[in-house]
Amino acid sequence: MERTWRWFGKKDPVTLAMLRQIGVEGIVTALHDVPNGEIWTDEDVRELKNFIAVNGLHWSVVESLPVAEAIKYGGKERDRLIENYKISLANLGKNGVKTVCYNFMPVIDWIRTDLRHTWPDGSSSLYFSKARFAYFDCCILQRAGAENDYSAAEMQQVRELDKTITRQEKDELVYSIIVKTQGFVNGNIRESDQNPVALFKSLLSLYDGIDKAALRANMQYFLAHIMPVCDRFDINMTVHPDDPPFPVLGLPRIVTGEADIDWLLSAVDNPHNGLAFCAGSLSAGLHNEVLALAEKYLKRIHFVHLRSTDVLPNGDFIEASHLEGRGRLVKLVELFERHAPASLPMRIDHGRNMLDDEQKNYNPGYSFSGRMHALAQVMGIAAAVRELAAEESPV
Ligand code: DNO
């Protein structure tokens, strides 16, 4: 695997020089200043690519080239937006950037309720609380029929929470779920938006009447239209699994597990239509056995996110250590090191906040020390696998 790192551009407090010192080979980044739906110009792509190159690294993966909302819900502007997407892809291809990560999650990219869940050792990680999410859905968004999506026990917790939650805690919950986690990944809500809840509700309403079959048809339409550009420039599209991999907020979901992946790889059966294998997202669904999925789809996996989760008995999930939990990273690293091309880009996903990370105000999940620590762990596993493989088959 190629060791890559998600870098948020020139404003990122983590510099390319720092990354060279810790074993990073390739960069995962995006033109973060270009609004969703607009064209990534040849000039802008080249400028960023050259900036990375003069700093001794190379632009390995785009994460993300965002898919505009109207493409997902099939709005009337979708053909124009798909044309823009194709031009952006061609400009990336011309500049040799040939792995593109995207997602097809309606309205909201990844979801967490707590951004600083403290561990006994003093470090902190991200956390998803089912009850707090249900509270956001039922009592803050006040989505019609929301209570039908939760168990009686969860609704009881919602009512208990409602008795004690303060105004500030409610604001923090909104901030964590739809503001802080979304803006920096080019999501729909930005820190500067005045009334994020109202904006979010209007976005949800775009999906009234869009069920899973309709979302699938829209994804197939999008992929079928962009594949000729991918074929021409040899670009691998890699879809990120839904995070978390289960239904939320009454929205249809598209990449939650085996049946979805089977559908999407066969609906557009082209090797350039592939997966970003995010072990963390998939492992947060008890229906997923991450290692079996990786084995099954190995040939269509063009990008890997290494992270792990633990699912708790009440349905919450927590980001586990990169050596433990349902992500099975030791076995995944073995699989990819032995059976995938050495050029397969892999990045560490979500590290803990540790040491001085907290003071640096990194994007949630994207600490420096925490991710560096996890990268070192993964590099150790990979080196051990290579050593064992060499002993098994000496040249
Ligand atoms: C969160 C990330 C996601 C991911 C996008 C890909 O940490 O894994 O925001 O980048 O879903 O399009």
Side-chain angles (χ1 to χ4, degrees), residues 4-9 12 14 27-32 34 36-37 40 60-69 71-72 85 88-89 92 99-115 125-128 176-190 219 222-223 226 235-245 248 251 253-256 260 264 273-285 290 301-309 317-319 322 327 345-353 362-368 370-371 374:
T4 66
W5 182 277
R6 191 173 196 183
W7 175 73
F8 293 100
D12 193 326
V14 177
I27 292 300
V28 176
T29 193
L31 294 183
H32 285 288
V34 179
N36 287 6
W40 289 18
S60 179
V61 180
V62 173
E63 182 174 355
S64 304
L65 180 54
V67 177
E69 214 56 50
I71 297 178
K72 297 183 204 166
Y85 204 96
S88 300
L89 281 178
L92 287 163
T99 304
V100 174
C101 179
Y102 71 104
N103 71 75
F104 219 81
M105 288 177 255
V107 183
I108 185 164
D109 196 320
W110 64 309
I111 304 176
R112 295 294 182 278
T113 55
D114 301 82
L115 307 182
S125 68
L126 308 168
Y127 189 92
F128 179 89
S176 298
I177 297 176
I178 62 173
V179 182
K180 186 69 177 168
T181 44
Q182 304 303 306
F184 79 95
V185 294
N186 293 73
N188 284 313
I189 311 266
R190 303 203 157 252
M219 186 179 193
F222 164 70
L223 285 171
I226 64 168
I235 292 175
N236 283 329
M237 292 300 295
T238 70
V239 69
H240 191 282
D242 300 337
D243 180 2
V248 289
L251 295 165
R253 300 289 259 178
I254 200 105
V255 195
T256 57
D260 285 344
L264 95 95
N273 171 29
L275 289 178
F277 194 85
C278 179
S281 302
L282 291 166
S283 66
V290 175
I301 294 174
H302 303 311
F303 182 31
V304 177
H305 284 184
L306 290 182
R307 160 170 86 78
S308 185
T309 64
F317 67 85
I318 186 163
E319 305 228 359
H322 287 70
M346 170 283 296
R347 73 167 177 83
I348 294 297
D349 199 15
H350 304 176
R352 288 198 194 165
N353 264 357
Y362 295 122
N363 292 324
Y366 292 90
S367 61
F368 179 67
R371 279 190 293 165

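Atoms within each ligand, like the ligands themselves, are counted from 1 in listed order. Quick note: residue numbers are just sequence positions, from 1.
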Which of parallel (below 30°), tilted (30 to 60°) and perpendicular (above 60°) describes [X] and [Y]?
X	Y	result
H32	F8	tilted
H350	W110	tilted
F222	F104	tilted

When you check the gap from the basic side-chain N to the acidic O, do D349 and R6 get nearer than 4.0 Å?
-> no
Mind listing the N or O contacts between ligand 1 and protein, cut-off under 3.5 Å?
| unit_1 | atom_1 | unit_2 | atom_2 | d |
| --- | --- | --- | --- | --- |
| ligand 1 | 7 (O) | H350 | NE2 | 2.6 |
| ligand 1 | 7 (O) | Y366 | OH | 2.7 |
| ligand 1 | 8 (O) | H240 | NE2 | 3.3 |
| ligand 1 | 9 (O) | D109 | OD1 | 3.0 |
| ligand 1 | 9 (O) | D109 | OD2 | 3.2 |
| ligand 1 | 10 (O) | R6 | NH1 | 3.2 |
| ligand 1 | 10 (O) | R6 | NH2 | 3.4 |
| ligand 1 | 10 (O) | E63 | OE2 | 2.5 |
| ligand 1 | 11 (O) | N103 | ND2 | 3.2 |
| ligand 1 | 11 (O) | D109 | OD1 | 2.9 |
| ligand 1 | 11 (O) | D109 | OD2 | 3.2 |
| ligand 1 | 12 (O) | S64 | OG | 2.6 |
| ligand 1 | 12 (O) | N103 | N | 3.4 |
| ligand 1 | 12 (O) | N103 | ND2 | 2.9 |

Is a side-chain N or O of N36 found less than 3.5 angstrom from the main chain of N188, in a donor-acceptor match?
-> no
V14 to D12 - nearest heavy-atom pair and separation = N-OD1, 2.8 Å
